[in-house]
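Below is one structure, written out as structure tokens, with a few remarks after it.
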Amino acid sequence: MNLDSILRTEIQQAIQAVFGADTDQFQVQPTNAEFEGSHTLVCFPLTKISKKNPEETAKIVGEYLIANSQLVAAYNVVKGFLNLSLKDSVWVEVFTSLFSQANLGQLPKNGQEIMIEYSSPNTNKPLHLGHLRNNFLGWSVAEIYKACGYKVHKVQIINDRGIHICKSMAAWKLYGNGETPKSSGIKGDHLVGKYYVEFNKVLTEQVKELEAKGIPKEEAEKQAPIMKVAIDMLRKWEYRDDETLQLWKMMNSWVYEGFDTTYKKMGVDFDKLYYESNTFLLGKEQVLTGLENGVFFKKEDGSIWVDLTGDGLDQKVLLRSDGTSVYMTQDIGTAILRFHDYPNINGQVYTVGNEQEYHFKVLFLILQKLGYDWAKRCYHLSYGMVDLPTGKMKSREGTVVDADDLIDEMVAEARKQTLELGKTEGMDDEESGTLFNMIGLGALKFFLLKVDPKKKMLFDPNESIQLQGFTGPFIQYTHARIKAILRKADSLAIKTDAETLKSITSLETSEKALVQLVSGFESKLKEAAKDYSPAVIANYVYELAKTYNQFYQAIPIFTENDNAKLQFRIALSKTVANLIKRSMKILGIDVPERM
RNA sequence: GCACUCGUAGCUCAAUUGAAUAGAGCAUCUGACUACGGAUCAGAAGGUUCGGGGUUUGAAUCCCUGCGAGUGCACCA
């Protein structure tokens with residue numbers, strides 16, 4: 001039973017006692033900082049029951065609580081708002097019970113199981129800024145669910161087959177001269193990406209030539225010699241042509257090697273990988289079964305469709321007239337395979353950009369029509385695009401921010417600023433290297449995660465490398481500073497035992513504010529899970545760090561004469577440090593002992 | 001054209017899902033270490049929440065409408 005719900009119960013009893021109405025339809029919110037108190041009852045809706053004006057209603061409830069509540073010490077009324085101040089002893093009690101809790105911030109196992117997909121790149125080019133938001137988001141949501149007691153499976157679908165990779169293959173075959181990551185020293189995913197760019201360059205030239213001969217653009221794109229090579233490769237791939245498969249395997253393996261390096265740098269991992277080349281056949285089968293069962297229909301040219309006009313959507317192709325599969329086909333196969341592999345999962349989360357909202361609406365409907373009732377428990381975690389100050393990222397215009405480059409720049413900037421501040425004294429190279437990495441990556445992750453996932457966001461490189469204010473490094477700094485205090489407390493052999501803590505009778509305002517925040521962590525965690533939003537955690541941990549800094553600035557710790565108070569402040573600092581570390585870990589960000 | 005999403009300080013973002021004088025950070029200006037770490041803290045300034053109607057005791061939030069932006073509507077992925 002937590003504080004908020006006890007208070008709610010008391011208020012409910014108060015309303016019953018003074019107005020004779022049993023209702024839980026009232027709102028308790030945190031008190032605005034400018035007013036005295038911690039909890040505020042909004043009294044406007046109660047006037048219907050009380051038959052009095054809001055101020056009077058508030059006053060009557062307030063008086064009753066003073067007389068009867070175990071928690072409330074004082075109240076004040078501003079307009080229709082009843083601001084309640086709780087007894088200091090209550091806050092002390094709340095804190096000591098939190099302090100003695102072993103797994104603070106980890107909810108007990110709830111027996112639920114969930115699968116979360118993220119990343120899911122194409123294998124023809126390196127990861128970029130958009131993938132970073134995707135990966136950090138998906139990984140963090142997985143951590144949030146773990147913290148809420150779920151068993152979580154982190155997966156991705158690798159789009160390893162299709163025309164996109166054939167384009168890279170075609171260009172490499174034509175112009176590569178056998179170049180490999182080893183021979184060129186270029187990271188595998190970047191090398192394959194280089195040939196993807198090369199393909200488009202050549203294609204553009206060839207199309208231009210054909211257009212000059214009077215062939216319309218659309219036709220020219222199909223007829224361009226290099227496109228013919230790519231399409232031929234796609235066909236050969238479907239026929240399992242040995243040479244093509246070998247090339248495909250080799251180039252994909254380069255990409256995977258490159259991706260592995262990047263994922264490691266990002267601090268992102270997966271429990272299981274799915275490959276489109278392994279799931280699209282199952283998708284095909286399902287579509288054919290659906291056709292037999294009358295769920296889908298066939299057009300004269302042999303293509304197979306689903307009709308969703310009854311659901312307010314359109315008709316959608318599921319198999320081409322030549323029998324080859326489309327994007328949707330393999331997603332059907334993948335979903336079914338996953339629920340087959342993990343029969344106990346309660347749901348599946350797809351972390352995919354909001355430009356695919358329609359696609360997932362259709363996918364989930366199709367799965368339902370195929371009779372899979374778990375389709376209702378599939379959720380598209382749709383996030384907004386990342387824009388640049390110069391506008392949208394466009395691979396054709398070369399305005400894509402490369403993931404590897406960006407991470408390297410962030411770490412380099414962290415190094416520069418840290419050295420300027422002289423923060424690395426007494427550290428060896430390994431320690432300082434780890435620190436630069438922690439700060440650079442922490443700044444990047446926090447920058448991308450603090451914004452509500454649903455919203456599109458602007459990535460300003462200059463702002464992202466800021467280390468002050470609402471940033472990851474600000475929070476890391478706060479943690480390091482608390483650790484310095486705890487080290488000193490250790491060296492002074494200051495104990496923090498529960499009995500002594502409980503003897504405290506009064507608290508400073510900033511101490512109460514901290515205790516209130518600390519006690520609210522679990523409800524924030526649940527909110528973050530419900531909304532699939534690491535931003536909730538990011539905002540919380542920032543608030544926590546900021547509030548601690550205010551406390552730190554306002555109240556001296558080691559010059560305190562009262563031993564119990566001294567112990568309390570150390571214990572409070574320790575708990576805040578733990579929660580900062582825990583929250584940041586959930587965001588995928590490490591915090592240093594010193595910086 | 002149709003559908004969906006969005007529009008909050010100069011800039012980037014919040015707002016307990018309908019409550020108080022709409023809050024933070026950056027940038028600008030003014031202050032604060034003889035104590036525990038100044039990557040900090042205190043303060044000032046900055047708003048017709050895109051415009052216009054409506055519902056409500058109460059609207060940034062809900063409804064209608066106008067304007068502006070983004071995304072989707074392929075036998076692409």
Side-chain angles (χ1 to χ4, degrees), chain A residues 27-35 40 42-45 47-48 53-54 78-81 83 120 122 124 159 161-165 276 299 301-305 312-314 316-328 330-331 353-359 361 382 384-385 387 389 392 417-418 420-421 423 439 447 450-452 454-460 462-464 466-471 473-478 480-489 520 523-524 527 531 535 539 542-543 545-546 549-559 569-570 573 594-595:
Chain A
Q27 194 184 348
V28 179
Q29 59 188 34
T31 305
N32 285 7
E34 63 206 286
F35 301 114
T40 292
V42 183
C43 293
F44 301 97
T47 53
K48 287 196 184 93
N53 68 42
V78 181
K79 297 187 181 172
F81 297 89
N83 301 321
S120 304
N122 289 347
N124 62 329
N159 302 301
R161 123 210 134 84
I163 191 68
H164 56 275
I165 179 69
E276 185 187 325
K299 286 196 178 172
D301 61 4
S303 57
I304 299 177
W305 295 71
L313 304 176
D314 292 324
K316 189 88 190 168
V317 68
L318 300 177
L319 276 184
R320 296 192 186 99
S321 48
D322 66 359
T324 56
S325 64
V326 295
Y327 186 42
M328 189 63 78
Q330 62 106 0
D331 267 3
N354 62 11
E355 74 271 14
Q356 295 198 35
E357 271 169 15
Y358 184 77
H359 171 80
K361 218 179 262 177
S382 164
M385 331 221 79
D387 291 331
K392 208 174 133 64
Q417 295 197 35
T418 305
E420 271 170 16
L421 290 169
K423 295 281 186 179
I439 296 173
F447 189 86
K450 71 178 178 186
V451 181
D452 182 344
K454 290 196 288 291
K455 297 190 177 169
K456 68 171 163 51
M457 68 175 295
L458 187 92
F459 184 84
D460 186 338
N462 295 325
E463 203 178 315
S464 67
Q466 288 282 343
L467 310 184
Q468 293 93 16
F470 190 4
T471 67
F474 166 86
I475 296 159
Q476 290 172 320
Y477 172 78
T478 305
R481 197 155 70 167
I482 297 174
K483 284 302 195 168
I485 287 175
L486 296 179
R487 282 192 296 272
K488 180 163 178 178
S523 79
K524 282 292 172 190
E527 187 188 332
D531 295 345
N539 279 285
Y542 171 64
E543 187 69 28
K546 205 167 56 147
N549 283 330
Q550 284 160 2
F551 155 80
Y552 174 93
Q553 214 79 28
I555 299 172
I557 295 175
F558 292 106
T559 52
R569 286 169 196 165
I570 297 295
S573 299
R594 50 187 104 221
M595 69 185 272

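Each chain gets a letter, A, B and so on, in the order its sequence line appears, and its residues count up from 1. Because the structure is predicted, anything quoted here is derived from the model rather than measured.
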Whole-Å distance, A:R161 CZ to B:A77 P, equals 7 Å
(message) Distance check, C1' atoms only: B:U16 and B:G10, in whole angstrom units.
(response) 29 Å
_Axial cation check for A:Y542 ring with A:K450, 6.0 Å and 45° limits_ = no
### Message
Keeping A:R320 on the side-chain end and A:S325 on the backbone end, is there a donor-acceptor pair under 3.5 Å?
### Response
yes
Using Watson-Crick geometry (N1-N3 plus N6-O4 or O6-N4) or G-U wobble (N1-O2, O6-N3), each under 3.5 Å, B:U30 is paired with B:A42
Check: Can you tell me how far P in B:A9 sits from the matching atom in B:U5, rounded to whole Å?
Finding: 22 Å
Item to complete: Evaluate the side-chain contact (heavy atoms from CB on, under 4.5 Å) criterion for residues A:Q466 and A:F447: first the C-alpha distance (whole Å), next the side-chain angles of each, then the deciding distance (0.1 Å), finally the verdict.
Response: CA-CA 9 Å; A:Q466 288 282 343; A:F447 189 86; over 6 Å; no
Fill in: Minimum side-chain heavy-atom gap A:F81-A:V42 below 4.5 Å
yes
* At under 4.0 Å between heavy atoms, what does A:E355 touch on the DNA or RNA strands: base, sugar-phosphate, or nothing? -> sugar-phosphate
Atom NZ of A:K299 and atom P of B:A74 are separated, to the nearest Å, by 11 Å
Next item on the list: Indicate, with a heavy-atom threshold strictly under 4.0 Å, whether A:V78 touches base, sugar-phosphate, or nothing.
Entry: base
With no hydrogens and no angle check, is any side-chain donor or acceptor of A:T478 less than 3.5 Å from a backbone partner on A:F474?
-> yes
*Separation of the C1' atoms in B:G46 and B:U12, to the nearest angstrom*: 15 Å
- Just wondering, are more than 12 heavy atoms of other shown residues or ligands nearer than 6.0 Å to NZ in A:K48? no
### Query
Is there ring stacking between A:F44 and B:A19, where the centres must be under 5.5 angstrom apart and the planes under 30 degrees?
yes
Per-nt protein contacts along nucleotides 34-42 of chain B (heavy atom under 4.0 Å; B base, S backbone sugar-phosphate only, - none) come out as -SBBSBBSS
Judged by nearest nucleotide, the residue sitting upstream toward the 5' end of RNA chain B, A:P30 or A:N159, is A:P30
Between CZ of A:F81 and C1' of B:U57 the distance, given in whole Å, is 11 Å
* For nucleotides B:A32 and B:G38, find the distance between their C1' atoms and express it as a whole number of Å. => 10 Å
Quiz item: Does the side chain of A:H164 pick up a donor-acceptor pair with the side chain of A:N159 at under 3.5 Å?
Solution: no
When rounded to the nearest Å, what value does the distance between P atoms of B:A14 and B:U8 take? 11 Å
Across every strand shown, the nucleotide meeting Watson-Crick or G-U wobble geometry with B:G70 (both distances under 3.5 Å) is B:C4
message: Regarding A:D387, tell me which of base, sugar-phosphate or nothing describes its non-hydrogen contacts under 4.0 Å with the strands shown.
response: nothing
(message) So A:E34, base contact, sugar-phosphate only, or nothing? Heavy-atom distance under 4.0 Å.
(response) base
What is the nucleic acid contact for A:P45, judged by heavy atoms within less than 4.0 Å: base, sugar-phosphate only, or nothing? base
- Check for a donor-acceptor pair, side chain of A:N32 on one end and backbone N or O of A:E34 on the other, with a separation under 3.5 Å. no
Whole-Å distance, A:E527 CD to B:U17 C1', equals 9 Å
Could you tell me whether A:N462 contacts a base, only the sugar-phosphate backbone, or nothing, with contacts defined as non-hydrogen atoms closer than 4.0 Å?
nothing
Describe the nucleic acid contact of A:E276 in one word from base, sugar-phosphate, nothing, applying a heavy-atom distance below 4.0 Å.
-> sugar-phosphate
Across every strand shown, the nucleotide meeting Watson-Crick or G-U wobble geometry with B:G37 (both distances under 3.5 Å) is none
* How far, in whole Å, is B:U21 from B:G7 if one measures between their C1' atoms? -> 24 Å
To the nearest angstrom, the CD-C1' distance between A:Q29 and B:U17 comes to 12 Å
The reported gap from CD1 in A:I570 to CD1 in A:I482 (rounded to nearest 0.5 angstrom) is 11.0 Å
- [ ] Report which part of the nucleic acid A:T40 touches: base, sugar-phosphate, or nothing (heavy-atom distance under 4.0 Å, all strands).
- [x] base
Expected string for nucleotides 8-14 of chain B under the B/S/- scheme (protein heavy atoms, under 4.0 Å, primed atoms plus P, OP1, OP2 as sugar-phosphate) is ----SSS
chi for B:U17 classified (syn = within 90 degrees of 0, anti otherwise) as syn
| message | What's A:Y358 touching, base or sugar-phosphate or nothing? Going by heavy atoms closer than 4.0 Å. | response | sugar-phosphate
Under a 3.5 Å limit on both distances, the Watson-Crick or wobble mate of B:U16 is none
Rounded to whole Å, the CD1-C1' distance (A:I163 to B:A74) equals 15 Å
In whole angstroms, the gap separating C1' of B:A22 from CZ of A:F35 amounts to 13 Å
Nearest-nucleotide check on RNA chain B, A:M328 vs A:M385; residue mapping nearer the 5' end is A:M385
Review point. Side-chain contact, heavy-atom cut-off 4.5 Å: A:I165 with A:N122?
Key: no
key: Sugar-phosphate, base or nothing in reach of A:D531, heavy atoms under 4.0 Å   = base
By side-chain contact (heavy atoms from CB on, under 4.5 Å), A:K423 pairs with (sequence neighbours left out) A:T418, A:L421, A:Y477
Exercise for review: For nucleotides B:U30 and B:G68, find the distance between their P atoms and express it as a whole number of Å.
Suggested key: 43 Å
- Item | Contact check, side chains of A:M328 and A:H359, non-hydrogen atoms, under 4.5 Å | yes
query: Heavy-atom distance under 4.5 Å between the side chains of A:Y552 and A:S573, does that happen here?
result: no
In Watson-Crick or G-U wobble terms, with both distances under 3.5 Å, the base opposite B:G25 is B:C11
Rounded to whole Å, the CG-P distance (A:D314 to B:C4) equals 13 Å
task: Using the P atom as the reference point in each nucleotide, state the distance between B:A59 and B:U49 in Å, no decimals.
output: 12 Å
